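Bear in mind that the values here come from a model prediction, so they are computed numbers and not experimental data.
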Amino acid sequence: MISLPLVYTILALIAYTTSFWYLFMHLMSKHNPNSWLIGSVVSLGLALHAAVLYNSMLTPLGINYDVFNLISFTSGLMLLMSLIFSTFRPILALNLIGIPVAATGLILGYAFSRPDQFIERHSLGLDLHIILSLSAYAVLLMATIHAILLWFQDRELKKKQKHRFWVNLLPPFQAMESLLFDLLRTGFVLLTVALAFGFFTVENFLGQHLAHKTVFSIISWIIYGALLIGHAKFGWRGQKAIRFTLIGFILLAIGFIGSKMILELILGI
C-alpha cells in the first residue's frame, strides 16, 4: 500500500518540476514568466514538502534530527527564502537553483532518513536553538551560492568577454549584490539569535559534542559581523565581500554539517 508521505513526496516533486520547467522555458525564450503562477505552484510544493517533514521529523518520542531530515529541511527553507526575496528583488530566475536544490533535499530526506533513530527530546528553548541554527545555515548557504554566482559575473565583466553567460543569465550585478547583503543580514540575525538561545539552553557542550560547533559558529559570526560593519562603514563589496562570505560559511559548515555527518554516518553516535 502506498504511504501518505510517498504520495506527498511525489506531488511535491511534480509541483517543483512543473514550476522549474515553466520558469526555465520562459526565461530561455526571453518571455516574462507569471510570477504569481510560479509563486503558487512552488508554494504548493513547499507545503507538501513540509507535510513530508512533519511526518518524518515529529514523533511521539521527540524530534528526529537525522542528517537527511536536516538536509531536506534546509533545502526546503532555502527555496522558501528564495521565493520570498524574489517578491521584492528582480531575482525570480534564481529560483532555477532553489527548486532543484529543494527537490534533491526532499528525495534524500524521504529515501535515506532513518525513522526511530537520532530522536531527541529537548526543552522548547533547545529545539528553538536548533531550528534557528538550521534557518541561519540555510540563509547563509544561499548567500554563499550567491557569492559564487557574483564571482562568475564579476570575472566576466572585468575580462570584458564577448560571450557573457552568467551576465546574461543572471539578474543585473547590482541587484545580485544587494540581495547578497540582504541574505547576509538575515542570516547574521538568525545566527545571533540561535547562538543566544544556545548559551541559555545548552548545559554541557563537551558532553553533547557541541564545543567545536560553538567555536566554529562564533568565529563565523565574527567574520559575518565584520563584513556587514565593513560594508556599512567602509563600503566593502565585490571580491572582498565574496571572500568574507565564503570563509564564514566554510567555518560554519565544518562546525555544523561536517561534524554531524562524521558523528552519525561514520562513528554512529
Side-chain angles (χ1 to χ4, degrees), residues 74-75 77-98 101 129 132-161 164-199 212-259:
T74 303
S75 65
L77 186 58
M78 284 177 62
L79 178 56
L80 175 61
M81 296 301 298
S82 177
L83 191 64
I84 291 173
F85 278 112
S86 66
T87 61
F88 59 88
R89 294 282 187 194
I91 51 138
L92 190 63
L94 292 180
N95 288 299
L96 288 176
I97 298 174
V101 167
H129 162 69
L132 286 167
S133 298
L134 290 171
S135 301
Y137 179 85
V139 175
L140 292 171
L141 176 56
M142 286 179 62
T144 303
I145 296 171
H146 206 72
I148 294 171
L149 295 176
L150 271 173
W151 181 80
F152 284 124
Q153 273 191 312
D154 187 58
R155 187 180 63 170
E156 288 184 350
L157 289 169
K158 287 181 177 179
K159 290 187 176 181
K160 299 180 180 179
Q161 298 175 353
R164 298 178 176 181
F165 176 79
W166 295 105
V167 171
N168 294 330
L169 179 66
L170 297 172
F173 186 86
Q174 186 175 3
M176 292 280 288
E177 193 170 59
S178 297
L179 177 61
L180 173 63
F181 284 99
D182 286 343
L183 291 168
L184 289 171
R185 292 185 193 98
T186 303
F188 182 76
V189 170
L190 288 170
L191 185 59
T192 301
V193 178
L195 287 172
F197 265 100
F199 282 121
H212 53 291
K213 294 181 183 180
T214 304
V215 171
F216 278 111
S217 296
I218 291 174
I219 296 174
S220 178
W221 179 83
I222 292 171
I223 290 173
Y224 285 125
L227 172 57
L228 291 173
I229 293 172
H231 176 68
K233 297 291 185 181
F234 309 111
W236 290 0
R237 54 194 295 271
Q239 290 295 321
K240 182 172 288 188
I242 292 170
R243 285 195 296 269
F244 268 74
T245 302
L246 294 177
I247 293 170
F249 185 77
I250 289 170
L251 292 170
L252 194 64
I254 291 173
F256 182 70
I257 289 294
S259 60

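In this structure, Leu190 and Ala136 approach most closely via the heavy-atom pair CB-CB, 3.7 Å. Closest approach of Thr186 and Phe85 over heavy atoms only: OG1-CZ, 3.7 Å. Closest of all the heavy-atom pairs between Gly98 and Leu79 is C-CD1, 3.6 Å. For the pair Leu184 and Ala143, the tightest heavy-atom approach, listed with the atom from each and the gap, is CD2-CB, 3.9 Å.
The number of heavy atoms from other shown groups lying within 6.0 Å of CZ (Phe88) is above 12. Around the CZ atom of Arg185, the shell of radius 6.0 Å holds more than 12 heavy atoms that belong to other residues, nucleotides or ligands.
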If you apply the rule side-chain contact (heavy atoms from CB on, under 4.5 Å), what do you find for Phe188 with Trp221, and how did you get there?
CA-CA 7 Å; Phe188 182 76; Trp221 179 83; 3.3 Å; yes
Where do Thr245 and Phe249 land on the side-chain contact (heavy atoms from CB on, under 4.5 Å) test, with the steps shown first?
CA-CA 6 Å; Thr245 302; Phe249 185 77; 5.7 Å; no
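Put simply, the side chain of Tyr137 never gets that close to the backbone of Leu252: no donor and acceptor are under 3.5 Å apart. A donor-acceptor contact shorter than 3.5 Å links the side chain of Ser86 to the backbone of Ser82. Judged by distance alone, the side chain of Ser220 and the main-chain N or O of Phe216 form no donor-acceptor pair under 3.5 Å.
Looking at residues two or more places apart in sequence or on another chain, you find no side chain to side chain donor-acceptor pair (under 3.5 Å) involving Ser178. Not counting sequence neighbours, the partners of Arg89 by the salt bridge (Lys or Arg N to Asp or Glu O under 4.0 Å) test are Asp182.
If you take CE on Met78 and CE on Met81, they are separated by 11.0 Å, rounding to the nearest 0.5 Å. To the nearest 0.5 Å, atoms CG (Leu149) and CG (Leu179) are separated by 10.0 Å. Here Ile229 contributes atom CD1 and Tyr224 contributes atom OH; the two are 15.0 Å apart, rounded to the nearest 0.5 Å. Distance check: Leu92 CG to Leu83 CG gives 8.0 Å after rounding to the nearest 0.5 Å. Going from atom CG of Leu227 over to atom CD1 of Ile242 covers 10.5 Å, rounded to the nearest 0.5 Å. In this structure, Asp154 CG and Met176 CE are separated by 11.5 Å, a value rounded to the nearest 0.5 Å.
Evaluated for a side chain to side chain contact (heavy atoms under 4.5 Å, CB included) with Met142, the options Leu183, Leu94, Leu77 yield exactly one hit, Leu183.
Applying the salt bridge (Lys or Arg N to Asp or Glu O under 4.0 Å) rule to pairs touching residues 132-147 yields nothing, sequence neighbours excluded.
Classified by interplanar angle (parallel below 30°, tilted 30° to 60°, perpendicular above 60°), the ring pair His231/Phe181 is parallel.
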